[in-house]
Number of protein chains: 2
Amino acid sequence: MSPSPPPLDATQLGAYFALIEASSMLKHAVEQQLREAGDLSYVQFQILATLGDSPAGSRRMTDLADGVVYSRSGLTYQAQTLEKRGLVTRTPSPDDERSVVVTLTDEGRAVLASVFPGHVAVLDDLLFAALSRSDVEALADILGRARDHMRRTPPRSAGQRRRRKTPEEDPTPSRPR
Amino acid sequence: MSPSPPPLDATQLGAYFALIEASSMLKHAVEQQLREAGDLSYVQFQILATLGDSPAGSRRMTDLADGVVYSRSGLTYQAQTLEKRGLVTRTPSPDDERSVVVTLTDEGRAVLASVFPGHVAVLDDLLFAALSRSDVEALADILGRARDHMRRTPPRSAGQRRRRKTPEEDPTPSRPR
DNA sequence: TATTGTTATACTCTATAACTATA
DNA sequence: TATAGTTATAGAGTATAACAATA
């Protein structure tokens, strides 16, 4: 029948669960705070915050989508929502007529500012309260490397051509329906 | 009102972003694999996996909900979906007529088994490939502490709701029995 | 032809509230 | 009264494919 599953050891399992559970709980708490304080979803906050960190508070749709992994249409949906609320504007790019430049409005900045203190408070209470200085440094280092690696690694079923190594390992049990 | 709360320093910000981004990318990849390999969402996988680790493959709805933080109605929805697919059964509890016991079927176990190798492969490729042994140990330790702290910390603006305080029962944070 | 973005659409998931029934 | 679970329902979010306009 099925070959014995390539096992993770207890430490790996612990790291995986802790990562998923901690990030899930943290994100959940942060989402609640953002919703209450500024009626923003996490994605919307990410978009506004990205714009706030950009020169002139502006960014092209495509560049925004690169930072916030979702689909183009999903970004369009969010941009429309934010524009209706007056938090961003969308204007055709002068350089490339195909492009749309999204820009943070003053009101967008205001909402961002009004939400930020509570945001930081949640992080302090939930994440940093339990961690030492060196813990935080280690987290930033380790997870930063992990994130950079993931960014460089193509989705396994998308490229599908180049396998990395170990031809003995057969990872894809492709079982539709 | 307080003007500005203690801002986050660069390291804290780095740790926060790395945590959110890494977990987001990892979860996204895992969800894709679960969908392709077994047509499962992450929550559904968590439910099946939780049952798979439970005695007799059974658990009460409420106990399942405690492990998977969502609302009761959300769990009902998922349980119905899984039951329609024949992956779990739902039967009234003999002990307490109000309760419903969810049990993993053989087919549920089969799907779980068919999905698991690819699941592990994604973790190996995306998460563990970039990390040393001691990195993984540090992650498990630090994030484990963070998670435990979050579990103990009540939501800030929410009144404490359901709490099960049976002193003899349920003192274990992560892996019961 | 390739890229940028929008629209249309369908579907999944989650949350709230009202409800039933058991304890 | 409190707890266990379901139902009804509504809304947000996401993904895909077809599409238009520009490069």
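Just so it is clear: chains get the letters A, B, ... in the order the sequence lines come, proteins before strands, and each one is counted from 1. Reckoned from all heavy atoms, side chains included, excluding hydrogens, waters and symmetry mates.
Residue A:Arg72 places no side-chain N or O under 4.0 Å from the OP1 or OP2 atom of C:dT6. An OP1 or OP2 oxygen of D:dA8 is reached within less than 4.0 angstrom by no side-chain nitrogen or oxygen of B:Ser73. Of the side-chain N and O atoms in A:Ser71, one or more sit less than 4.0 angstrom from OP1 or OP2 of D:dA15. Side-chain nitrogen and oxygen atoms of A:Arg90 include at least one within less than 4.0 Å of the OP1 or OP2 phosphate oxygen of C:dT6. Distances shorter than 4.0 Å separate some side-chain N or O of B:Arg35 from OP1 or OP2 on C:dC13. At D:dT7, one or more side-chain N or O atoms of B:Gln80 fall inside 4.0 Å of OP1 or OP2 (strictly under the cut-off).
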- Task: Determine, step by step, whether B:Arg145 and B:Asp148 satisfy the salt bridge (charged side-chain N to carboxylate O under 4.0 Å, His left out) criterion, reporting the C-alpha distance in whole Å, the side-chain angles of both residues, the deciding distance to 0.1 Å, and the verdict.
- Result: CA-CA 5 Å; B:Arg145 265 184 288 129; B:Asp148 294 343; over 6 Å; no
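For the pair B:Asp66 CG and D:dT3 C1', the interatomic distance rounds to 13 Å; values are reported in whole Å. Going from atom CD of B:Gln78 over to atom P of D:dT7 covers 15 Å, rounded to whole Å. Straight-line distance from the CD atom of A:Glu97 to the P atom of C:dT6: 14 Å, rounded to whole Å. Across the protein-nucleic acid pair, A:Leu75 atom CG and D:dA12 atom P stand 18 Å apart, rounded to whole Å. One can place OH of A:Tyr42 at 18 Å from P of C:dT14, the figure rounded to the nearest angstrom. The nearest whole Å value for the distance from the CD atom in A:Gln46 to the C1' atom in D:dT14 is 15 Å. Protein atom CD of A:Gln32 is 15 Å distant from nucleotide atom P of C:dT14, rounded to whole Å. Between A:Phe45 atom CZ and D:dA12 atom C1' the separation is 19 Å, expressed in whole Å.
Between A:His119 and A:Phe116, the ring planes lie parallel to each other; the angle is under 30°, not in the 30° to 60° tilted range.
Taking every side-chain heavy atom of B:Arg98 into account, D:dT3 is the closest of C:dC13, D:dT3, C:dT7.
Residue whose closest nucleotide on DNA chain D sits further toward the 5' end, between B:Met61 and A:Asp96: B:Met61.
Side chains of B:Ser93 and B:Ser99: no donor on one and acceptor on the other come within 3.5 Å. Defined by atom type and a distance below 3.5 Å, a donor-acceptor pair is present between the side-chain atoms of B:Asp135 and B:Ser132. Using modelled atom types, one finds no donor on one side chain facing an acceptor on the other under 3.5 Å when comparing B:Thr103 with B:Arg90.
Across all strands, A:Ser41 comes closer than 4.0 Å only to sugar-phosphate atoms, never to a base (heavy-atom distances). Note on A:Gln44: only backbone sugar-phosphate atoms sit closer than 4.0 angstrom, heavy atoms only; bases stay farther off.
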